[in-house]
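Because only heavy atoms are used, hydrogens play no part in the values below, and waters and symmetry mates are left out as well, while side chains stay in. These numbers come from a predicted model, not from an experiment.
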Amino acid sequence: MPDNGWPADRIDTENAHSARIYDYILGGKDYYPADKEAGDAMSREWPALPVHMRANRDFMNRAVRWLAEEAGMRQFLDIGTGVPTSPNLHEIAQAVAPESRVVYVDNDPIVLTLSQGLLASAPEGRTAYIEADFRDPAAILDAPELRETLDLSRPVALTVIAIVHFMLDADDAVGVVRRLLEPLPSGSHLAMSIGTAEFAPEEVGRVSREYAARGMPMRLRTLDEAHEFFTGLDLVEPGIVQVHKWHPDGSGEQGIRDEDIAMYGAVARKP
């Protein structure tokens with residue numbers, strides 16, 4: 001163990017990691033020099049990258065608040081949690097309903113080692129963490145931590161934020177999301193953000209190449225391809241839009257140009 005308590009034998013400190021790049025660009029502290037180098041290089045290619053990443057995080061906050069306040073969700077399954085960044089999902093949900101229950105899922109060992117902050121639930125609610133790969137839905141759905149925390153006879157909000165653009169066609173991202181939704185009952189919801197290059201193709205293309213050069217190839221999707229994730233679900237207004245346009249609350253959307261955002265966002269209900 002190094003001084004920070006992270007298991008050095010499991011964490012690759014020499015190569016950049018998408019979750020740590022995200023943390024660095026958002027102003028966090030849980031990253032390594034390789035992540036800083038990558039984040040700086042990507043921001044040079046597309047100076048709007050920090051704006052884009054912050055808008056994605058703000059979308060997650062608004063979507064979770066909407067799910068708790070408007071949809072009455074009290075159970076959440078968060079896939080691809082990433083490095084904890086306050087407010088975390090359970091903090092948002094439990095600020096609305098302290099009895100909310102949240103299961104976090106990620107396969108990055110650094111997230112596991114930092115997960116204590118994700119487990120600081122309100123006394124009325126509960127949180128749990130599963131170390132599993134998004135591409136293995138069975139490992140998530142069969143995990144005892146999920147079954148002990150969530151009641152799958154009651155609606156669950158499945159949140160898949162800023163992860164499917166790291167899933168290539170062979171990974172069948174749409175199929176994975178459908179398999180995660182399958183056991184969830186009517187009234188459950190899906191909240192997603194989905195990477196796209198439709199608004200700044202040259203700039204986002206350069207960022208994508210920087211990720212690929214570091215072993216993180218991306219699959220950016222069109223609006224039509226984004227719709228495939230929501231087949232059979234009832235989209236919440238305003239449907240699939242750029243993340244800064246989904247239920248804006250006036251706290252951070254001013255001055256954001258469409259070409260600064262490379263992420264679609266949407267929330268949908270399972271009939």
Side-chain angles (χ1 to χ4, degrees), residues 5-7 10 19 22-23 28 30 56-163 176-177 179-193 233 236 267-270:
W6 300 342
R10 293 193 60 203
Y22 188 66
D23 181 70
D30 298 305
N56 176 75
R57 186 73 188 185
D58 290 345
F59 162 75
M60 188 277 283
N61 295 350
R62 295 195 308 276
V64 170
R65 190 179 308 113
W66 186 93
L67 287 163
E69 288 181 345
E70 303 298 330
M73 292 293 100
R74 298 295 181 262
Q75 302 191 106
F76 295 81
L77 175 57
D78 184 52
I79 306 296
T81 296
V83 174
T85 302
S86 187
N88 292 297
L89 189 152
H90 74 277
E91 294 171 317
I92 299 167
Q94 291 180 349
V96 176
E99 69 273 22
S100 297
R101 293 178 165 236
V102 177
V103 173
Y104 292 106
V105 180
D106 207 291
N107 68 341
D108 182 1
I110 196 173
V111 180
L112 174 63
T113 60
L114 296 172
S115 65
Q116 194 59 42
L118 299 174
L119 302 178
S121 172
E124 302 92 331
R126 186 171 179 180
T127 62
Y129 181 86
I130 300 171
E131 186 176 16
D133 194 311
F134 177 38
R135 291 166 291 194
D136 186 1
I140 297 170
L141 295 170
D142 294 340
E145 295 90 344
L146 185 143
R147 300 289 174 164
E148 292 165 4
T149 307
L150 303 182
D151 177 359
L152 297 189
S153 70
R154 297 171 52 237
V156 175
L158 174 65
T159 57
V160 184
I161 306 297
I163 183 174
V176 168
V177 171
R179 286 193 289 278
L180 288 168
L181 276 171
E182 185 177 3
L184 306 185
S186 173
S188 294
H189 284 68
L190 170 65
M192 289 188 71
S193 62
L233 306 179
V236 172
V267 174
R269 182 183 185 277
K270 183 176 180 179

Next on the checklist: Checking the side chain of R65 only, and the main-chain atoms of A95 only, is there a donor and an acceptor separated by less than 3.5 Å?
Outcome noted: no
Checklist entry - Can you tell me how far CG of L158 sits from OG of S188, rounded to the nearest 0.5 angstrom? => result 8.5 Å
Item to check | Between N56 and Y22: side-chain donor-acceptor atoms closer than 3.5 Å | outcome: yes
Next on the checklist: In the structure I gave you, are the side-chain heavy atoms of V236 and E70 within less than 4.5 Å of one another anywhere?
Outcome noted: no
Checklist entry - Is a side-chain N or O of D133 found less than 3.5 angstrom from the main chain of R135, in a donor-acceptor match? => result yes
Item to check | Minimum-distance pair of heavy atoms, taken over all atoms of P87 and R57 | outcome: O-NH2, 3.3 Å
Checklist entry - What pair of heavy atoms forms the shortest contact from G125 to Q94, and how long is it? => result CA-NE2, 3.9 Å
Checklist entry - Under a 4.5 Å cut-off applied to non-hydrogen side-chain atoms, are R147 and L152 in contact? => result yes
Next on the checklist: For the CD atom of E131 and the CG atom of N107, what is their distance to the nearest 0.5 Å?
Outcome noted: 7.5 Å
Next on the checklist: Side chains of T127 and T149, heavy atoms from C-beta outward: is any pair under 4.5 Å?
Outcome noted: no
Next on the checklist: By the definition side-chain contact (heavy atoms from CB on, under 4.5 Å), identify the one residue from D78, V102, V103 that meets it with H90.
Outcome noted: V102
Next on the checklist: Tell me the closest heavy-atom pair linking F134 and I140, and the distance in Å.
Outcome noted: CA-CD1, 4.1 Å
Checklist entry - Say you draw a straight line from CE of M73 to CZ of R154; how long is it, rounded to the nearest 0.5 Å? => result 9.0 Å
Checklist outcome for this item: For I161 and A191 the tightest heavy-atom approach is CD1-O, 4.0 Å
Next on the checklist: I'd like to check T159 versus M60 (side-chain heavy atoms, cut-off strictly below 4.5 Å). Are they in contact?
Outcome noted: no
Item to check | Between CG on residue L67 and CG on residue L89, distance to nearest 0.5 Å | outcome: 8.5 Å
Checklist entry - Are the side chain of K270 and the backbone N or O of V156 linked by a donor-acceptor pair below 3.5 Å? => result no
Checklist outcome for this item: dist Q75:CD -> E99:CD (nearest 0.5 Å) comes out at 10.5 Å
Checklist entry - Considering all heavy atoms of both residues, which atom of R74 and which atom of A68 are nearest to each other, and what is their separation? => result NH1-O, 2.9 Å
Checklist entry - To the nearest 0.5 Å, how far apart are CG in L184 and OG in S153? => result 11.5 Å
Checklist entry - Is there side-chain contact between S186 and R269, with heavy atoms separated by less than 4.5 Å? => result yes
Checklist entry - Do the side chain of T85 and the main chain of V83 share a donor and acceptor less than 3.5 angstrom apart? => result yes
Checklist entry - If you look at every heavy atom in T81 and D106, which pair is closest and at what distance? => result N-OD2, 3.2 Å
